[in-house]
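Atoms within each ligand, like the ligands themselves, are counted from 1 in listed order.
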Amino acid sequence: MGERPVREPPGEERDLRRLVLQHERWRGRETINLLPSENFASPQVLRYLGTDLARRYTLPLDQTLHGEKVDNGYAGTRYADAIEELASRLAARLLKGTHASVRPLSGHVAAMSVLAPLLPRGARYLAVQPENGGYDGYAPGFLPAVLGHHVLPLPLNGPTHRADPEEIAALLRRERPDALVLGQSFVLFPYPLRALVEVAHEVGALVLYDASHVLGLVMGGVFQAPLEDGVDVVFGSTHKSFFGPQGGLLATRREDLFRQIDDALIWRVLDNTHLNRIAALAQALLEMERWGAEYAPQVVRNTQALARALDEGGLPMLGASEGYTASHQAFFDGEGLRTRIGTGPAGLARRLENDGLIIDLVGRVGAAEATRLGMREAEMATVGELVHRSVRGEPVAREVRAMRQRFRVPQYC
Ligand SMILES: Cc1ncc(COP(=O)(O)O)c(C=O)c1O
């Protein structure tokens, strides 16, 4: 019998392993992340993502098949179903709702899960458009085109995107839309929610709040409280200012709306709900319930401190006279930046990336992940200084790596 040759993994398998390890080391250990769209999940959240739940299905049903009553399409779901129930209960509690679903696979899917069943084809809604900081998904060619809705631009004012309640009230009364969809990808300040909800309801419009960016702040008790202020449904991503696994959720106090959404979810918007994600989400919700009141205000204070450090050191930021921000994001003044350093936010982001400082290419910075890793206002001043030195051409990558070594372990968990 010949000996079996010991085989090296094929080239592409080796490449894959190397790429994953390289990413893990670079983004996980050597860089400081100032993207407002991302966060840092706890070790326990990551552990649940890699459990047996990642291989399973559950499909709660209420059907009669071949003369038998069937309450699930699959057997073997006793623990999985209890995990989902726990996660939904926690999501409802943290958002101060009576009903919640943790099934949406992302913020975009959560938006579809709400808009598709609540608004019939041909319905009209108001939503902030990308030129005012809105989510691209609400631009006419995207979700409205897919779902057969007409979207009307919701006006916001000035570079910090402030809502004028009287202007929006007049628009609501004139247009009488089927819904007012609030929420933005570029978001600094809360809406005057009660005033908007009152007029929207007066003209028969539902108020739907996309909290993708601000979910961690809302759950932590800062920024605003959509359901308490009368919003009909709140929904969004679970991985931006909220430190959950990537995914989505929704919550409401209206059982009638919840039934409509829940009945339409499976097979219209999704099928498998990714049970490992749901267990991980439950863990993150527990962490938020325990630590949110400390975490969320620290995120806002850190973001303000970072914006101030950047602005005062010579990189112009918007909103100085308004305290820069009340959220986990701050905005560069793109024009001012170009005048000062000869490049806009994209050029700046490329420059900083070489030194291990990660910002987005569209003009935002944020402190949610830095906060999760334990940084406070003093560290934000240091990060600001590293940014300025990097912009001046000093090589600061080693200092960035050394600082990141000191802030490796997630806090608030
Ligand atoms: C306001 C808003 N809604 C929805 C989404 C989509 O979220 P996800 O990437 O989780 O699908 C985003 C993503 O940036 C967003 O900013």
Next on the checklist: Any non-hydrogen side-chain atom of Glu377 less than 4.5 Å from a side-chain atom of Gln298?
Outcome noted: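 Yes, side chains in contact.
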Checklist entry - Got Leu147 and Leu119 here, is their nearest side-chain heavy-atom distance under 4.5 Å? => result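 Heavy-atom side-chain distance check fails, nothing below 4.5 Å.
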Next on the checklist: Taking the ring of His213 and the ring of Phe186, is the distance between their centroids below 6.0 Å?
Outcome noted: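 Not under 6.0 Å, so no.
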Next on the checklist: Under 3.5 Å, is there a donor on one side chain and an acceptor on the other for Tyr324 and Asp311?
Outcome noted: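 Side-chain D/A pair, Tyr324 to Asp311: present.
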Checklist entry - Just by distance, with hydrogens left out, do Asp360 and Ser37 show a side-chain donor and acceptor under 3.5 Å apart? => result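 The criterion, which ignores hydrogens and geometry beyond distance, is not satisfied for Ser37 and Asp360.
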Pull out every atom of ligand 1 sitting under 4.0 Å from any heavy atom of [X], numbered as shown with elements.
X	value
His213	16 (O)
Gln184	1 (C)
Ser185	1 (C), 2 (C), 15 (C), 16 (O)
His108	6 (C), 7 (O), 8 (P), 11 (O)

Item to check | Option from Trp291, Tyr295, Phe40 for which ring pair (Phe, Tyr, Trp, His ring centres under 6.0 Å) with Phe243 holds | outcome: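 Per the ring pair (Phe, Tyr, Trp, His ring centres under 6.0 Å) rule, the option paired with Phe243 is Tyr295, out of Trp291, Tyr295, Phe40.
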Next on the checklist: Can you confirm whether more than 12 heavy atoms, excluding those of Glu131, are under 6.0 Å from its CD atom?
Outcome noted: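 More than 12 heavy atoms, drawn from other residues, nucleotides or ligands, come within 6.0 Å of this atom.
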Item to check | Residues, nucleotides or ligands: over 12 heavy atoms within 6.0 Å of Glu353 CD | outcome: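 For Glu353, atom CD is crowded (more than 12 foreign heavy atoms under 6.0 Å).
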[atom] - nearest protein heavy atom and its distance:
atom	value
atom 13 (C) of ligand 1	Lys240 NZ, 3.0 Å
atom 7 (O) of ligand 1	Ser237 OG, 3.0 Å
atom 4 (C) of ligand 1	Ser212 OG, 3.3 Å

Next on the checklist: Any atom of ligand 1 sitting under 4.0 Å from a heavy atom of His239?
Outcome noted: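 His239: in contact with ligand 1 (<4.0 Å).
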Checklist entry - Between Ser106 and ligand 1, does any nitrogen or oxygen pair lie at a separation below 3.5 Å? => result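 Between Ser106 and ligand 1, an N or O pair is found under 3.5 Å apart.
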Next on the checklist: Minimum distance, heavy atoms only, to atom 8 (P) of ligand 1: which one of Gly107, Ser37, Gly137 is it?
Outcome noted: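 Of the listed residues, Gly107 has the closest heavy atom.
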Checklist entry - Of the choices Leu143, Asp136, Asp210, which has the non-hydrogen atom that lies closest to atom 2 (C) of ligand 1? => result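 Result: the heavy atom closest to atom 2 (C) of ligand 1 is in Asp210.
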